[in-house]
Amino acid sequence: MGRGRVQLQRIENKINRQVTFSKRRIGLLKKAHEISVLCEAEVGLIIFSPKGKLFEYATDASMERILERYERHSYAERQLIATDTEAQGSWTLEHAKLKARVEVLQKNQRHFMGEDLDTLSLKGLQNLEHQLDTALKHIRSRKNQIMSESISELQKKDKALQEQNNLLSKKLKEMEKENKEKEQAEQQNHDLSSTSAPLQQLLVNGHQATSSDGDIEESPLQNQNNTVMPSWMIRHINGNLTLKTSF
């Protein structure tokens, strides 16, 4: 039959307690060695007997290094816990401050909207009125500034459009003047050409000569394949004929 479960309580018999301590100590040291070998763990085991005798086990017999590592780890954990506690307390305090500030801002907003005024005293109402007057002055000043800037911008645009309009009007007048001069030149050329044809025919007829046997001789003007004379030549010939006729 298997051994029954031992009740975990202090053994009253001193001899049995000493024997149990010796057996369990040996087993505990054995288990510490096994876990260090099997799992490559750093193990440090310290046991003090009821009489104050020290029993210890350390991996690779470096209890100091294990204790130093333990101290560093414990210190880091304590610092982390302390930091978390302080941070939590700081965030709690900050949350309370922000919550109170939000409530104050919401209350002021309701007052500015003309709500919940019953809780304000006469001095509070006067302060609220003063704040609203100051805000209205700033609003009107900013509105006037924006309107002035808009008017100035519109005036600049109007001036630019007027200059552009004047430039276009000037170009249009110049084009009309050029077209008018062109039309006058064309009209003069047309009138000159219309009057030069009969005059040329008359001059050609006037210069025809009759031979001794009654045949009509062609004039020098007709020997050039009836080429049309230029206007200056026609005027020159016309002037000479006029002079000869007068004599």
Side-chain angles (χ1 to χ4, degrees), residues 1-139 142:
M1 295 179 62
R3 185 176 59 176
R5 178 175 298 180
V6 178
Q7 187 177 3
L8 293 177
Q9 63 181 8
R10 183 175 180 273
I11 300 174
E12 298 296 336
N13 190 290
K14 184 177 181 180
I15 297 174
N16 292 339
R17 187 169 61 245
Q18 184 64 33
V19 172
T20 302
F21 173 77
S22 179
K23 291 181 180 180
R24 295 295 180 101
R25 175 181 57 80
I26 295 172
L28 185 58
L29 293 173
K30 183 180 179 181
K31 292 294 184 183
H33 176 69
E34 291 176 356
I35 193 172
S36 65
V37 174
L38 295 175
C39 303
E40 294 184 351
E42 291 189 40
V43 180
L45 177 61
I46 300 174
I47 302 174
F48 288 96
S49 68
K51 294 182 180 182
K53 188 177 180 180
L54 173 63
F55 301 91
E56 66 179 46
Y57 172 82
T59 305
D60 297 331
S62 56
M63 181 62 74
E64 291 79 5
R65 185 168 59 82
I66 294 175
L67 291 176
E68 183 181 356
R69 183 178 179 184
Y70 171 76
E71 287 295 332
R72 290 198 306 268
H73 184 73
S74 299
Y75 178 77
E77 284 190 349
R78 289 194 298 270
Q79 288 295 112
L80 183 60
I81 293 173
T83 304
D84 291 341
T85 303
E86 293 178 359
Q88 185 177 2
S90 177
W91 281 114
T92 303
L93 181 61
E94 189 69 19
H95 176 266
K97 290 181 180 179
L98 292 175
K99 184 177 180 181
R101 183 173 178 80
V102 169
E103 290 177 355
V104 172
L105 292 175
Q106 291 177 349
K107 185 177 180 180
N108 291 334
Q109 184 180 9
R110 290 194 297 270
H111 289 166
F112 290 143
M113 296 297 294
E115 301 174 356
D116 297 340
L117 299 179
D118 297 335
T119 58
L120 294 176
S121 62
L122 178 60
K123 186 176 181 179
L125 291 172
Q126 290 176 350
N127 291 333
L128 179 62
E129 184 180 8
H130 178 70
Q131 292 177 1
L132 291 174
D133 290 339
T134 304
L136 285 174
K137 289 180 181 179
H138 290 302
I139 292 171
R142 179 57 181 167

- Message: I want to check something: taking the side chain as every heavy atom from C-beta on, are Lys30 and His33 in contact at a cut-off of under 4.5 Å?
- Response: no
- On a heavy-atom basis, the closest approach of Ile66 and Ala58 is CD1-CB, 4.2 Å
- With His111 as reference, evaluate Lys107, Glu115, Met113 under the side-chain contact (heavy atoms from CB on, under 4.5 Å) test and give the passing residue. Lys107
- Message: Donor-acceptor check, side chain of Ser22 to backbone of Val19, threshold 3.5 angstrom: yes or no?
- Response: no
- Note on the structure: So CG of Asn108 and CD of Gln106: to nearest 0.5 Å the spacing works out to 10.5 Å
- Message: To the nearest 0.5 Å, what is the distance between CG on Leu122 and CG on Leu125?
- Response: 6.5 Å
- Task: Considering non-hydrogen atoms only, spot the tightest contact between Arg10 and Arg17 and give its length.
- Result: NH2-NH1, 3.4 Å
- Message: Under the criterion side-chain contact (heavy atoms from CB on, under 4.5 Å), I'd like the reasoning laid out for Leu105 against Gln109: C-alpha separation, chi angles, the key distance, then a yes or no.
- Response: CA-CA 6 Å; Leu105 292 175; Gln109 184 180 9; over 6 Å; no
- Task: Count the heavy atoms belonging to other residues, nucleotides or ligands that lie under 6.0 Å from CD1 of Ile35, then report whether that count exceeds 12.
- Result: no
- Item | Flag side-chain contact, heavy atom, 4.5 Å: Phe21 against Ile11 | no
- Task: Please report the shortest heavy-atom distance between Leu45 and Leu28, naming the atom on each side.
- Result: CD2-CG, 3.8 Å
- Query: More than 12 non-hydrogen atoms from neighbouring residues, nucleotides or ligands closer than 6.0 Å to CG on Leu98, yes or no?
  - Reply: yes
- Tightest non-hydrogen contact, residues Ser36 and Thr59, listed as CB-OG1, 3.8 Å
- CZ-CD distance between Arg101 and Glu94, expressed to the nearest 0.5 angstrom: 11.0 Å
- Query: Which value, rounded to the nearest 0.5 Å, describes the distance between Lys53 atom NZ and Arg25 atom CZ?
  - Reply: 7.0 Å
- Query: Is the number of heavy atoms from other residues, nucleotides or ligands within 6.0 Å of OH (Tyr70) greater than 12?
  - Reply: no
- Message: Using the rule side-chain contact (heavy atoms from CB on, under 4.5 Å), only one of Glu64, Arg69, Met63, Arg65 pairs with Leu67; which is it?
- Response: Met63
- Item | Check: Asn16 main-chain N/O paired with Thr20 side-chain donor or acceptor under 3.5 Å | yes
